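For reference, the structure discussed in these notes is given below.
Nothing here was measured: the structure is a model prediction, and the numbers come from that model. The sequence lines fix the lettering, A, B, ..., with proteins before strands; numbering per chain opens at 1.
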Amino acid sequence: MTDKFGKGCHLHLIDGSAFIFRAYHALPPLTRKSDGLPVGAVSGFCNMLHRYVEANTGPEAPTHVAVIFDKGSHTFRNDLYDQYKANREAMPEDLRPQIPLTRRATEAFNIACKEIEGYEADDIIATLSCQAREAGGRVTIISSDKDLMQLVGGGVEMLDAMKNLRIDVEGVEAKFGVGPDRVVDVQALAGDSVDNVPGAPGIGIKTAALLINEYGTLEELLDRAGEIKQPKRRQTLIEHREQIELSKRLVQLDCDTPLDFTLEDLEVRDPDGETLLGFLNEMEFRTLTKRIADQMGVEPPALPEVNTRGGDDAPETVEMPAIDPDSYETVTNADQLAVWIGRIRERGYVAVDTETTGLDEMRADLVGICLATEPGLACYVPLGHKAAEGEGLFATEDLAEGQMAEAEALEMLKPVLEDEAILKIGQNMKYDAKILKRCGIDVAPCDDTMLISYALNAGLHQHGMDALADRYLSHTCIPIKELLGTGKAMITFDKVPIDKATRYAAEDADVTLRLWQVLKPQLHAKKVTTVYETLERPLAPVLAKMEMHGIKVDRDTLSRMSSAFAQKMGALEAEIHELAGERFNVGSPKQLGEILFDKMGMEGGKKGKTGAYATGADVLEDLATLHELPARVLDWRQLSKLKSTYTDSLQTHIHPETGRVHTSYQQTGANTGRLASTDPNLQNIPVRSEEGRRIREAFIAEEGKVLLSLDYSQIELRILAHIADIPALKQAFDEGQDIHAATASEMFGVPMEEMTPEIRRQAKAINFGVIYGISGFGLARNLRIPRAEAQGFIDRYFERFPGIKDYMAETTEFGKKNGYVQTLFGRRIHTPEIDAKGPRAGFARRAAINAPIQGTAADIIRRAMIRMPDAILGLPAKMLLQVHDELVFEVDEAAADEVAEVARGVMETAADPAVRIDVPLVVDAGQGRNWAEAH
DNA sequence: TGATTCACG
DNA sequence: GACGTACGTGAATCAG
């Protein structure tokens, strides 16, 4: 039995979360050498614990000690105030799997490790401090968190371990201007932006302390607020009384947390050398293992076999066992699967790949799951393979022999796939996550080799698995064609024999795991960890949700439009044939060119590389002044486009069960960081022409809801003004002026009041030209003016806004020197062609000038999208679409205005706090029953 | 399969 | 001095 805690006892309480975050941010993202598991924070945490133990061995040593952690994200404070800690950045994904390891580390040091579901560490610390104080003992809280300062006094002190600074009653008074017993009063008034405690607007710690010292307590102050002399202060306190009282309840720590342990349980214990060294060795912390072994006077345990990979100069190829498809296991029963689950739990991570009947995640069915825990160690769990034998009626209905029941397998895998301590690694995980979501499994946390590759090497190469395996593993994957065939005879994966499927499928998981081991360490070496962790990794689940929601599209509207278009096209076609004097395929540019230039002898026919005449819209527009035929062809083409690409094709994309259209966003599609939308592309629904815009009327909200559209106003020009630092443009944006008119005024010396649409149009073309890496030729063609005149405009523009020319020169220079350019958020876009000879260099140069601007805008809306789900949590709203600078939501009609303001706030502040853009970001909002009305 | 055209930001 | 050019996408269609 241990002695009762009491006089003469000294309790140390360590704020575990503070240790973890300090450790995480102080160290580079180290990974365990043998397998790439992120362990940077664990390493820092262990070092801090070790230093703590070393420093507390003398006569002043504590008699009791515990490390206290937070547990669960929802506490009673969230019930009081739903915005409590709402502005916290989400925990970095590579930190999450390390949290359980810090618990194990604490236990390995044989220090009590305590947490209670639904309570903050601070409340547990408060409760223990109170108990220890009442028992007559001393307490030292190892933390610098000012929220804990209210506990100081009566034998309780704090210790800032970093600065080795003791904080007693005087220390608290120095910080807050009041004693510990009044700290909560001051905090209630001053608020706290970190925890999002509102407080009283305009009152900081200084003023708060002044007021509390004058009135004694917060309650007294609020009751007698009318006596305050300063009118503004008086008004604030009266108006915000409720908010202030709420704030006090938020900052007041709870001394009555129900504990499932006693002070006596926290008695200091000597560490067990074997346990401690075993843990440190398992983490592969060589230095610390050796140091502690030396101190204990024992031999350090031998490190496990380690690959020679890792470190800052991680090589691009890694020694691994050869890929051997014959070595993979087919899992056919629960016992086998249990072995794999054990392996995964032991490892802490697993590469996962799903096999399905198709490429459309909303319609494809699960056929099997592959797992890999180390290079060469992979399996395939077939679940939905159909019996290959048998003709006729029963052939495709029967499941093949030798498969687990799908429900049973998923039930076993679900706890692993959802375990936040087990990292799931995939190649294009969004696909697999959506398939599994439809099976009732929320896969998390995830790492994605495709996204890692994109963060590392956008612009250098594509990021599909076959290409990555070729490049980084020198391995050619089994082509899917070999299993499925091509064209009409193509079969679906469920018809592939299981033995063949195992070879192919398990290889995918094996390759994914290998790619992860090669690519993940490069993130840090190439300084794009932040890009991956803040712009890529957290976006994927947001996109998955949007895609699964889909948007409602009215089939009848589209169908009616298709018929109308068909009718008009028929009439136009007859007219065109009449004008041409013969029948031909209007849809064939080749035939059209021959009619126009050979038969009818029109001037200006230019042939392209293939020997065909160019008949693009700009050519036809010029010819339209001479003859009626090209004008009719333009009309016909517009209708043809609208019909085939939109009104016809969109109908085929309406999901039979949801009645909605589910696009797919390709996160690695555009080199600049923009998304691409496919199957169908919902980022190019017509809007510029009146006729086309009507297609948007078919995109509707559910009954009782509206579509809400928010778009950034001129975001790229604002970013240009910021990056190139153009005072005149910045001022125009600050003042909310019409930016194209302001540009025109500045360039041509026309006062704003006398601006004409024509002059403004020219300035607008130049503004866009600048973003695209302007050239005299390009501007001349766009504005249809002589090249010399266009060049004159550009010269004048550079003269008026000299920063632009500097930006262009510096960016080109940077691209040449480094092989890439970057956005304000550190995203890298590679520019390998910039050193090429000939016209290619021109292309690359302009792309390099454009990329930081377009890419920064893309980063900003990504940040907004990542924050949006939390911001609209609890509101009856769903984010459905992204169109580069626009987000579309579906919202209960009654809540539309509120959601619009919340979402606008998120979008306008999306760059904060990472980047301070010194031009305001402005978001315009619209709502309506359909997308045409909302836009 | 590649080139052409055209829808969007 | 000539080269040839606006930036970023996806889908449908024709023609080989």
Side-chain angles (χ1 to χ4, degrees), chain A residues 458-459 584-593 607-620 633-634 636-650 652-653 663-666 668-689 691-693 695-696 711-717 720 765-783 787 790 794 821 829 831 836-855 857-858 861 881-887 935:
Chain A
F584 68 101
N585 184 351
V586 184
S588 162
K590 184 166 174 266
Q591 294 179 33
L592 175 67
K607 290 190 179 176
K609 322 176 212 211
T610 54
Y613 290 110
T615 67
D618 49 347
V619 177
L620 295 189
V633 172
L634 281 169
W636 184 91
R637 276 198 184 157
Q638 194 198 3
L639 295 175
S640 163
K641 179 81 177 181
L642 294 178
K643 182 169 185 295
S644 69
T645 310
Y646 300 105
T647 58
D648 285 353
S649 151
L650 264 179
T652 71
H653 284 284
T663 184
S664 241
Y665 288 103
Q666 243 192 280
T668 61
N671 291 334
T672 52
R674 273 195 180 181
L675 301 176
S677 157
T678 62
D679 308 298
N681 182 354
L682 294 186
Q683 292 184 319
N684 70 347
I685 303 302
V687 71
R688 292 175 187 168
S689 78
E691 194 119 45
R693 189 155 51 235
I695 290 171
R696 294 190 172 219
D711 68 291
Y712 284 107
S713 160
Q714 305 290 2
I715 186 164
E716 292 193 355
L717 272 178
L720 174 74
I766 299 166
N767 276 334
F768 277 107
V770 169
I771 291 173
Y772 297 151
I774 200 160
S775 77
F777 184 92
L779 183 65
R781 203 174 64 167
N782 189 278
L783 282 176
R787 191 170 159 179
I794 293 169
V821 293
I829 298 107
T831 56
K837 290 270 170 276
R840 293 149 78 92
F843 277 113
R845 184 183 147 273
R846 289 190 299 272
I849 289 167
N850 174 258
I853 301 168
Q854 189 182 110
I861 196 164
L881 301 178
Q882 189 250 43
V883 194
H884 308 308
D885 63 358
E886 174 188 10
L887 293 175
H935 190 80

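Close to C:dT9, at under 4.0 Å from its OP1 or OP2, lies no side-chain N or O of A:Arg674. Residue A:Asn684 places no side-chain N or O under 4.0 Å from the OP1 or OP2 atom of C:dT9. Contact between the side-chain N/O atoms of A:Ser588 and the OP1/OP2 oxygens of C:dA15 is found at a separation under 4.0 Å. Close to C:dA15, at under 4.0 Å from its OP1 or OP2, lies a side-chain N or O of A:Gln591. For the pair A:Thr610 and B:dT4, the criterion of a side-chain N or O lying under 4.0 Å from OP1 or OP2 is met. In this model, the phosphate group of B:dT5 is approached by a side-chain N or O of A:Thr615 to a distance below 4.0 Å at OP1 or OP2. For the OP1/OP2 pair of C:dA6 and a distance below 4.0 Å, the side-chain nitrogens and oxygens of A:Arg781 include at least one atom meeting the criterion.
Across all their heavy atoms, A:Ser689 and A:Gln638 have their closest contact at OG-NE2, 2.9 Å.
The same atom, C1', is picked in B:dC8 and in C:dC3; the two are 31 Å apart, to the nearest Å. For the P atom pair drawn from C:dG4 and B:dC6, the interatomic distance equals 24 Å after rounding to whole Å.
With distances taken from any side-chain atom of A:Arg637 to the nucleotides C:dG10, C:dT5, B:dT5, the minimum falls on B:dT5. Here C:dG8 is the nucleotide among B:dA7, C:dG10, C:dG8 with the atom lying nearest to any side-chain atom of A:Gln854.
Judged by atom type and distance alone, A:Arg787 reaches the base of C:dT5 through a side-chain donor-acceptor pair under 3.5 Å. Applying the 3.5 Å distance criterion, the base of B:dG9 shares a donor-acceptor pair with the side chain of A:Arg688. Within 3.5 Å, a donor on the side chain of A:Lys641 pairs with an acceptor on the base of B:dC6, or the reverse.
The residue A:Ala780 sits apart from the nucleic acid: no heavy atom pair falls under 4.0 Å. Heavy atoms of A:Gly842 sit nowhere under 4.0 angstrom from any nucleic acid atom.
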